[in-house]
Amino acid sequence: MSRIGVFVCHCGLNIAKTVRVSEVVEFAANLPEVVIAEEYRFVCSTPGQELIAGDIKKYNLDRIIVAACSPLMHEKTFRKVAEAAGLNQYLVTIVNIREQCSWVTEDEDVATKKAKALINGAVYRARLLAPLVSRFIDVNPEVVVVGGGIAGIQTALEIAAVGRKVYLVERTPTIGGHMAQFDKTFPTLDCSACILTPKMDAVLQNPNIELLTYCEVAEVKGFVGNFDVKIRQKARYVDHAKCNACLACVEKCPGKGESEFDEGLAKRKAIYIPFPQAVPQKPVIDRETCTYFIKGKCRLCEKICEQKAIDYEQADSYIEIKAGAIVAATGYDLMDVKPLAQYGYGRYPAVYHALEIERLFNSAGPTAGKVVMRDGREPQSIAILHCIGSRDKNNYEYCSRVCCMYSLKFAHLLKEKTHGDVYQLYIDMRAGGKGYEEFYSRLLEEDVKFIRGKAATVTHRTKNPEEEGKLIVEVDDTLTGKFARIPVDMVVLAPAMKPRADAKDMARMLNLSTDKYGFFMEKHPKLAPLSTMTDGVFIAGACQSPKDIPDTVSQATGAAAEALTIVSKAKMELEAATAMVNAAACSGCRNCVTVCPYSAPSMNEEKGVSEINEALCKGCGLCAAACPTSAIITRHFTNEQVMAEMEGLMEF
Amino acid sequence: MLRKIEQGRFGELIEALLARGPLYAPVRDDRGVNFQLIRKASEPTLDFYNTLQSPKLAWFPQSEDLIRYRLAKGETKGEAISGPVAPTVVLGMRPWDVKSLAIMDLLFLGGGKEDPYWLEKRRLTTVIGYGLASEEEPDGADFFRTLNIGAADSDGSDVFLLKKDGDLLLEGITERGKGLLGELTFLKEGTEEDERYLVAAKAGGKDRKTRFFDLDANAAADKLKAVFADNTFWEKEAEGCISCGTCTFVCPTCHCFDIADETLFRDGVRRRFWDACMFTDFTLEASGHNPRPRTFQRLRQKICHKYSFYIEKFGVVSCVGCGRCTRLCPVNIDIFSLVARAVNL
Amino acid sequence: MDFEPKILGIACNWCTYTGADLAGTTRLKYPQNIRVVRVMCSSRINPSFIFRAFQLGADGVLVGGCHPGDCHYGTGNMYARRRLAITKKMLEFAGIEPGRFRVEWISASEGNRFAEVVGEFTGQVKGLGPQTKLKIKTD
Amino acid sequence: MTAFKDIEERLKEKAKDLLEKGEVECVFAYGRGYDERHPRPYVAKTKEDAENLVFNEYCTFNLARYAVKEPRKKIAVAAKGADSRALVQLIQEGKLKRENLVILGIPAAGMVDAKSGLTLDEKTTGAFANPVVYDVLLGDKLPEAKNSPYEVLGELEGLSGDGRWEFWRKEFARCLRCFACRKACPMCYCDPCFMDQSRPRWADKSPTLDGNTMYHLTRFYHLAGRCVDCGECTRACPVDIPLYLFHKRLAKDCEEMFNQAAGMKLEDKPVLVDFRVEDGDEILL
């Protein structure tokens with residue numbers, strides 16, 4: 001038998017005007033297990049709170065019911081009162097007789113009757129409530145940042161700046177990401193390397209950042225505050241602890257591979273650093289192109305290395321990291337444009353994609369900054385084709401957001417470097433951003449030919465002598481309404497930014513949801529754009545959706561702040577009203593495991609029952625309703641409690 | 001005392017019985033024949049081999065209210081439900097079903113404690129047994145002859161009913177039965193020829209063929225105890241068993257029940273209702289421990305209870321060979337061949 | 001006297017319950033036949049709750065959750081939608097008037113929508129009369 | 001159509017072969033009961049056991065119900081159309097592993113419910129003639145039934161709501177609570193069942209109409225999108241409640257709303273633990 005106290009609030013006249021409070025109190029007092037029922041003008045006031053606290057002691061109450069305003073208003077207040085009086089806060093029930101009773105009718109009889117029914121429901125339920133205790137867990141103070149592009153670099157630097165340890169995990173041999181490949185940045189045209197390399201260097205120098213290049217995340221376990229991240233260090237065949245970055249090995253290496261950094265437009269050695277400003281400056285050996293690995297002979301690098309840093313026997317190794325938070329900044333891939341055969345990429349050597357052009361502009365690039373084509377000619381006419389794969393229902397319906405601006409940048413640079421004719425073939429010019437519209441205006445003055453229309457095809461089939469030796473871009477000019485054929489020497493495609501090829505795997509590892517394209521889903525598009533459905537995992541940059549550098553850097557800074565809010569505390573309070581599994585009743589159907597958005601339940605295969613990690617549980621109850629045997633108990637909203645409340649509500 | 005009535009006037013007989021009080025009799029619906037509390041004289045039928053379910057429900061209903069209570073403030077008030085039971089007639093029970101009453105009496109009345117609910121109904125109920133006519137073939141699942149029950153035995157009945165050509169013969173067996181027949185003045189006297197017919201039919205009932213093996217109850221009891229620990233045997237026998245309660249619910253001698261309080265809006269009844277030893281949670285203890293967690297253990301329990309433990313305790317087999325469990329088993333488990341295999345192991 | 005139906009509401013904490021509060025805050029008036037049970041998410045609702053509500057004598061049951069896509073827990077109401085759709089079909093096939101059961105997505109800002117829906121639904125259930133089929137008979 | 005006798009021979013042979021080679025620990029199939037019309041589920045564990053296997057038109061049992069109790073063993077299962085769907089559904093639910101199963105597919109038409117004497121066809125249950133997934137096929141493939149398995153619902157669907165309630169009320173009132181339906185069902189693998197729970201008590205423990213109604217409605221719901229229409233519940237019922245009608249109706253609803261039938265594809269997810277963003281609100285109307 002419980003000892004229930006019921007406190008009915010007048011809320012001045014807010015409640016008392018329509019609900020006959022005394023009648024309700026008398027009704028409550030006569031209910032079984034109700035020891036005392038009282039009324040007060042403002043129960044939330046200090047004397048009201050004292051009344052409750054006093055009664056808890058005086059009548060030895062083990063449950064209290066406060067019939068007043070909405071629980072969303074004062075539940076916390078009354079929970080505190082109970083705790084202070086020695087009663088567990090979860091033994092408090094709030095009955096909403098204001099917002100959902102006295103304020104929504106003028107009929108006294110109706111309001112009084114409803115107030116009684118609501119209190120009756122609360123009495124039925126209160127008997128079955130159980131005390132719950134919030135649990136605190138230790139928080140690991142370190143953060144893992146996945147991805148060493150500008151987003152990851154920025155996040156790592158921000159977190160390190162407050163003295164927290166960061167592990168920056170990068171898959172390639174260097175950090176820098178796509179931004180390192182760019183020559184200039186829009187709209188200011190400042191040199192990408194000039195603004196990026198100091199940051200890369202800062203990462204290297206920062207004692208709080210542990211840089212893990214040529215590494216991949218292999219496994220993520222645990223939960224917010226306590227992640228266990230397993231990192232695979234891919235074999236470099238060079239002992240970076242010994243290497244002094246003299247790069248003599250690179251010079252002597254006879255192996256030849258295509259430079260990934262230069263988008264295959266230049267060669268690199270088998271032992272290499274991706275580009276001169278790479279961080280770290282220490283090389284790795286590419287097995288696929290290394291003469292020794294291919295033919296079993298060579299070992300030139302080993303001979304030349306004074307540090308004895310070359311180690312052909314090196315194997316992949318694993319690093320286990322504990323972290324309190326994780327930031328995913330894994331970036332994007334450029335869409336492969338080959339399948340879009342109408343644009344001739346891969347078929348016509350004079351068709352380039354955006355990143356290739358970036359490398360052509362760059363003074364450290366394959367052409368030392370000269371715009372010359374694969375055949376060595378300098379193009380005299382160039383068409384830049386927007387929206388290749390973007391805004392395209394057959395490929396990616398979204399706008400890739402950056403292409404208009406970098407296409408303008410290309411136009412400017414091409415004009416500057418070749419003085420040729422430059423055409424922009426666009427659907428709409430999207431220039432929303434600080435200084436973007438101005439940049440567009442500037443380009444309009446620069447003798448660039450803007451044609452409003454999406455390029456239909458690129459072909460070498462000529463129709464007149466003027467077109468001879470050129471590529472013809474066919475387009476419906478939507479401004480003139482005419483079909484145009486534009487003969488050019490060079491075609492530049494602006495392909496869609498798409499999720500990384502392995503984004504789904506990464507999402508699975510981090511337990512993130514992805515949108516229909518594969519970009520990571522934020523928790524809320526407006527109010528929690530950097531959080532995810534997995535607590536403690538945040539996202540920044542183009543892994544969430546296409547975005548430019550300023551947006552990426554802003555997000556990265558924000559994600560750092562989000563991660564810090566978690567790791568800056570030593571302990572974390574867990575939701576107390578979580579779900580649990582009554583193992584004896586679990587039939588092992590896995591429904592809970594399948595439906596939980598937080599991956600809180602998991603299958604204990606040995607026992608054949610599911611278990612809930614309460615640190616991950618948010619208490620929504622989705623699993624409990626999916627559980628056919630009612631083995632899952634959603635604390636504070638158990639099947640019994642909900643059905644008891646229903647019974648009480650329906651009695652009168 | 002022998003009376004008779006034309007079969008065509010069966011309705012009149014029912015009418016007269018209905019006038020005296022509650023009557024259970026076989027009624028046919030679209031799914032077969034079962035005992036029901038009769039509302040109209042036209043409902044009962046005598047054209048059936050046997051009912052799908054056993055007639056035990058007249059004495060041991062599937063669900064029976066014991067106490068009514070109200071959870072009130074301060075104290076909970078309860079009152080026993082012991083409404084007066086009216087003298088009742090159960091008409092049309094086959095001899096082997098009638099036999100089950102004596103077997104159930106041993107438990108409900110002879111186990112050292114009398115069950116008042118059973119006793120009250122037994123005291124006030126008149127049983128009209130119904131012999132199997134000579135032209136009717138016993139069902140292939142039946143084996144009452146193995147239990148030494150004749151197809152036209154009248155033991156245990158108050159009145160014994162038998163079809164003869166166009167007539168129904170009614171023999172008063174007990175004083176109560178004779179008293180009842182005496183009240184039914186519209187019945188005709190049976191003739192000497194009827195008398196002879198009846199005697200011959202009862203004797204002939206012993207010669208009727210059902211599935212048979214020579215069952216020595218005490219030897220079977222011992223043998224089953226010896227086989228009890230042979231898990232391989234029981235596991236093999238139980239491999240098809242789905243552990244449902246069909247066999248026990250249709251059995252005329254299964255008597256296990258559960259008791260629960262059913263409360264709604266603070267009003268409740270304490271009720272007893274059939275339970276089945278084949279259910280997983282039948283032996284589930286409050287601690288969570290279950291001494292019979294496996295299907296074979298439960299099937300073994302049921303067989304051994306009927307063919308060993310009951311004999312040990314009361315001296316008789318707790319089975320009448322009615323074949324219902326076999327006929328209705330969803331997976332065709334057959335108690336007759338199972339026991340035969342165990343005994344001959 | 002007019003038939004006054006009993007209506008059980010089950011509302012999610014984040015959207016519909018808050019929306020119902022907003023209806024109160026803005027002093028909208030609607031029929032008081034509804035009594036609301038608060039759960040954290042519409043996905044907490046076991047279809048057996050609905051059957052049970054009718055057994056307890058509810059003449060109508062109204063479930064409220066966040067709009068699909070806006071679930072506080074991400075995907076809860078997407079599952080709830082499927083479950084409750086089946087529940088509705090079940091009631092109909094069992095012969096219970098489908099008009100006695102309704103699911104509505106009402107956000108925290110839609111106080112007026114809450115009042116509107118409750119008004120409309122109450123009228124509809126009134127029209128259907130007392131629910132006697134599933135209701136447990138009490139003496 | 002391959003004769004049942006030939007299927008029986010092939011079943012014996014294949015079972016013998018599998019057991020002899022040690023490829024499976026046991027074979028779930030059918031054995032002799034107390035007469036021809038009443039075969040029993042049978043588990044062959046040795047090649048000698050395999051000699052005892054039978055197959056005839058009365059072998060209606062869905063052996064997936066037994067297979068699900070052996071999630072870790074390598075087993076072979078004789079599976080007719082609906083039985084194979086049950087296996088597929090159980091694999092979807094992680095209760096069985098495809099690699100642990102050797103499915104002995106049996107194309108079968110004209111199966112007979114021994115109790116009622118009815119032939120199983122699309123008007124009743126288990127009309128799926130061919131197994132959907134199998135490792136070996138023990139007979140020639142058969143043409144599938146021409147009529148929709150849902151046509152039989154027409155009569156009930158044609159009734160008014162009151163008429164349907166009257167129908168179901170009568171049926172639920174007959175229920176004995178013997179639980180043969182849930183125990184015969186290959187999908188009802190829960191132990192304990194929600195009905196065995198005491199906290200909460202979803203329905204009266206005693207067999208009241210209200211409790212029976214709650215039991216059946218909830219069980220129907222638990223099987224929505226999972227029922228493979230094998231008909232075992234209905235055949236098992238000692239009082240012949242036509243449970244299959246409700247199950248069929250929900251299967252039809254699931255197909256219409258979610259475009260998915262139970263146990264057809266290994267890679268499907270059960271519809272009620274799945275959703276699509278495109279699910280519209282019209283399904284709630």
Side-chain angles (χ1 to χ4, degrees), chain A residues 124-125 127-130 397 513-517 521 525 580-597 599 601-610 622-635 637-648 650, chain D residues 65 68-73 89-97 100 179 182-183 185-204 210-211 214-227 262 267-279:
Chain A
Y124 267 78
R125 180 171 187 266
R127 299 184 293 132
L128 299 169
L129 291 176
E397 206 179 335
S513 350
T514 51
D515 64 17
K516 65 176 171 175
Y517 309 105
M521 279 287 277
M580 61 173 276
V581 179
N582 169 10
C586 174
S587 68
C589 71
R590 288 162 214 265
N591 280 358
C592 52
V593 180
T594 311
V595 299
C596 178
S599 299
S602 62
M603 215 32 207
N604 181 328
E605 295 292 346
E606 202 180 311
K607 294 185 188 154
V609 299
S610 115
L622 169 58
C623 57
C627 178
T629 63
S630 12
I632 294 186
I633 298 162
T634 322
R635 292 190 182 92
F637 289 94
T638 66
N639 288 320
E640 253 190 317
Q641 290 164 356
V642 173
M643 291 209 292
E645 183 176 351
M646 280 168 30
E647 195 174 329
M650 289 295 112
Chain D
R65 188 250 169 244
V68 70
K69 309 282 178 198
E70 299 291 358
R72 290 191 175 86
K73 283 190 189 157
Q89 186 68 24
L90 290 166
I91 292 167
Q92 286 177 21
E93 295 176 17
K95 294 304 278 186
L96 288 174
K97 289 205 171 73
N100 283 351
F179 294 121
R182 78 170 190 214
K183 288 294 193 174
C185 173
M187 290 305 150
C188 274
Y189 49 71
C190 292
D191 184 12
C193 170
F194 72 97
M195 280 297 282
D196 305 332
Q197 292 285 4
S198 48
R199 300 189 67 184
R201 209 186 264 181
W202 290 101
D204 293 340
D210 308 303
M214 189 65 160
Y215 163 59
H216 286 293
L217 287 182
T218 305
R219 185 172 165 275
F220 292 146
Y221 170 71
H222 286 175
L223 283 152
R226 301 173 65 234
C227 171
E267 63 278 12
D268 280 347
K269 242 184 178 183
V271 291
L272 286 182
V273 292
D274 197 12
F275 69 86
R276 292 199 193 90
V277 179
E278 311 84 81
D279 287 343

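These values consider heavy atoms only, across backbone and side chains, with no hydrogens, waters or symmetry-generated copies. Residue numbers begin at 1 in each chain, while the letters A, B, ... track the order of the sequences.
Listed options Gln197(D), Glu93(D), Arg72(D) were ranked by heavy-atom pairs under 4.5 angstrom with chain A; first place goes to Gln197(D). Comparing Cys193(D), Pro71(D), Gly94(D), Pro200(D) by heavy-atom pairs within less than 4.5 Å of chain A, the highest count is held by Pro200(D). For the options Val595(A), Thr594(A), Asn639(A), heavy-atom pairs under 4.5 Å to chain D are most numerous at Asn639(A). Heavy-atom pairs under 4.5 Å with chain D were tallied for Thr638(A), Val593(A), Thr629(A); the largest tally goes to Thr629(A).
No donor-acceptor pair closer than 3.5 Å links the side chain of Glu647(A) to the backbone N or O of Met643(A).
For the residue pair Thr218(D) / Trp202(D), no side-chain donor-acceptor distance below 3.5 Å is found, with atom types taken as modelled.
In this structure, chain A has no heavy atom under 4.5 Å from any part of Arg219(D).
The side chain to side chain donor-acceptor pair (under 3.5 Å) test applied to Arg199(D) returns Glu640(A), not counting sequence neighbours. Listed by chain and residue number, Phe179(D) satisfy the ring-ring contact (aromatic ring centres under 6.0 Å, His included) test with Tyr215(D) (two or more places apart in sequence, or in another chain). With sequence neighbours excluded, the residues forming a ring-ring contact (aromatic ring centres under 6.0 Å, His included) with Phe220(D) are Phe246(D), His247(D), listed by chain and number.
We find that Asp196(D) and Arg182(D) are joined by a salt bridge, their nearest charged nitrogen and carboxylate oxygen being less than 4.0 Å apart.
Figure legend: cation-pi geometry between Lys69(D) and Tyr189(D) absent, as NZ or CZ is not positioned both under 6.0 Å from the six-membered ring centre and within 45° of its axis.
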Checklist entry - Is there a side-chain contact (heavy atoms from CB on, under 4.5 Å) between Lys95(D) and Gln89(D) once you walk through the steps? => result CA-CA 9 Å; Lys95(D) 294 304 278 186; Gln89(D) 186 68 24; over 6 Å; no
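The interface of residues 581-591 of chain A with chain D, defined by heavy-atom distances below 4.5 Å, comprises Ala584(A), Ala585(A), Cys586(A), Ser587(A), Gly588(A), Cys589(A), Arg590(A), Asn591(A).
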